[in-house]
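A quick write-up on the structure given underneath.
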Amino acid sequence: MTKTLKPRTSAREKLRSVNPSGNKDSNFFDLVFQVVAQIPKGRVTTYGAIAACLGTKSSARMVGWAMNAVPKGPPRLPAHRVVNRNGMLSGKHAFPTPDAMQKRLEREKIKVVDDKVQDFKRVFWNPSEELN
DNA sequence: GAAATGACGTAAG
DNA sequence: ACTTACGCCATTT
């Protein structure tokens with residue numbers, strides 16, 4: 001088994017701050033999954049944006065870590081729509097094939113050149129604004 | 001417990 | 001605009 005996914009760390013305490021509902025079930029990973037799942041087709045977002053939306057702006061790296069912990073089974077999260085602030089497909093290596101991520105983005109009408117999203121500013125989707 | 005690693009971000013050159 | 005350096009936070013060794 002492998003597994004893991006037990007984020008019972010200080011990060012969880014921070015999450016409480018952003019979870020006035022008292023949802024202790026909502027872990028950092030789960031929150032990230034929720035946001036990622038809401039990314040519209042043909043749009044992309046950044047780790048920092050997600051982290052900021054969750055309130056843990058400084059934990060942009062943890063967002064990426066959460067992506068690595070994304071369950072492969074359903075529901076499939078559009079992790080390919082999450083890139084870094086530079087618009088670079090930094091997570092392509094986490095896919096079955098490095099080309100899978102770019103191919104998927106291109107299928108969404110998103111132009112990708114040199115592992116970088118073109119018109120990134122235009123396709124950028126801000127969870128803090130669009131998602132509320 | 002300390003050091004190294006990592007789907008990041010910002011600052012400085 | 002591109003490259004290098006440093007900081008952040010959790011996981012792993």
Side-chain angles (χ1 to χ4, degrees):
Chain A
M1 357 167 335
T2 79
K3 256 345 170 7
T4 72
L5 215 79
K6 21 186 197 162
R8 30 85 161 132
T9 61
S10 53
R12 183 168 161 245
E13 299 234 302
K14 293 182 182 180
L15 267 300
R16 275 206 308 178
S17 300
V18 299
N19 277 340
S21 306
N23 253 351
K24 58 186 180 176
D25 291 78
S26 300
N27 295 329
F28 186 83
F29 297 85
D30 289 344
L31 289 174
V32 174
F33 301 155
Q34 298 284 334
V35 176
V36 174
Q38 295 302 307
I39 301 174
K41 179 180 169 194
R43 298 272 208 189
V44 295
T45 190
T46 68
Y47 307 95
I50 296 171
C53 184
L54 301 179
T56 58
K57 182 176 145 212
S58 311
S59 302
R61 278 185 141 164
M62 301 302 93
V63 176
W65 218 256
M67 289 280 106
N68 195 17
V70 168
K72 293 162 170 65
R76 284 191 242 150
L77 299 181
H80 63 275
R81 292 180 188 151
V82 183
V83 296
N84 65 2
R85 211 226 177 262
N86 211 3
M88 195 183 298
L89 282 62
S90 39
K92 62 177 190 170
H93 66 82
F95 282 75
T97 56
D99 301 354
M101 189 173 185
Q102 179 172 339
K103 192 163 189 179
R104 223 155 159 124
L105 288 173
E106 288 180 336
R107 189 168 174 248
E108 308 257 326
K109 303 296 185 282
I110 297 177
K111 301 180 220 157
V112 178
V113 177
D114 192 23
D115 296 336
K116 287 191 299 193
V117 176
Q118 303 304 298
D119 300 303
F120 172 70
K121 197 168 156 186
R122 192 169 61 173
V123 297
F124 174 69
W125 179 77
N126 190 338
S128 299
E129 272 186 34
E130 304 295 328
L131 188 59
N132 190 12

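Every chain is numbered from 1 and lettered A, B, ... according to where its sequence line falls, protein lines coming before strand lines. The model shown is predicted, which means the values in this text are computed figures rather than measured ones. When reading the values below, keep in mind they use all heavy atoms of this one structure, side chains included, and skip hydrogens, waters and symmetry mates.
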State, to 0.1 Å, how close A:R85 and A:T46 come at their nearest heavy-atom pair, and which atoms those are.
CA-CG2, 3.8 Å
For A:A66, which contact category applies under a 4.0 Å heavy-atom criterion: base, sugar-phosphate, or nothing?
nothing
Among the nucleotides B:dG6, B:dA7, B:dT10, which one has an atom lying closest to any side-chain atom of A:R85?
B:dT10
Listed nucleotide nearest any side-chain atom of A:N84, set C:dC9, B:dA7, B:dG9
B:dG9
Separation of A:W65 atom CH2 from B:dG6 atom P, in whole Å?
7 Å
Measuring from the side chain of A:S59 (C-beta onward, heavy atoms only), which nucleotide among C:dT11, C:dC9, B:dG9 has the closest atom?
C:dC9
Position toward the 5' end of DNA chain B (nearest nucleotide), A:G48 or A:M62
A:M62
Look at the side chain of A:R43 and the backbone N and O of A:W125, then say whether any donor-acceptor pair between them is shorter than 3.5 Å.
no
Heavy-atom closest pair (A:H80 atom, A:L105 atom, distance to 0.1 Å) is O-CD2, 3.2 Å
To the nearest angstrom, how far is A:N86 atom CG from C:dA1 atom C1'?
11 Å
In this structure, how many angstroms lie between the P atom of C:dA1 and the CZ atom of A:F120, rounded?
14 Å
Nucleotide B:dA7, atom P - distance to CZ of A:F29 in whole Å:
14 Å
Nearest listed nucleotide, side chain of A:N68, among B:dG9, B:dA7, C:dT11:
B:dA7
Identified side-chain contact (heavy atoms from CB on, under 4.5 Å) counterpart of A:V82 within the set A:L89, A:I39, A:L77, A:V44
A:I39
Could you state the CE-C1' distance from A:M88 to B:dG9, rounded to the nearest angstrom?
13 Å
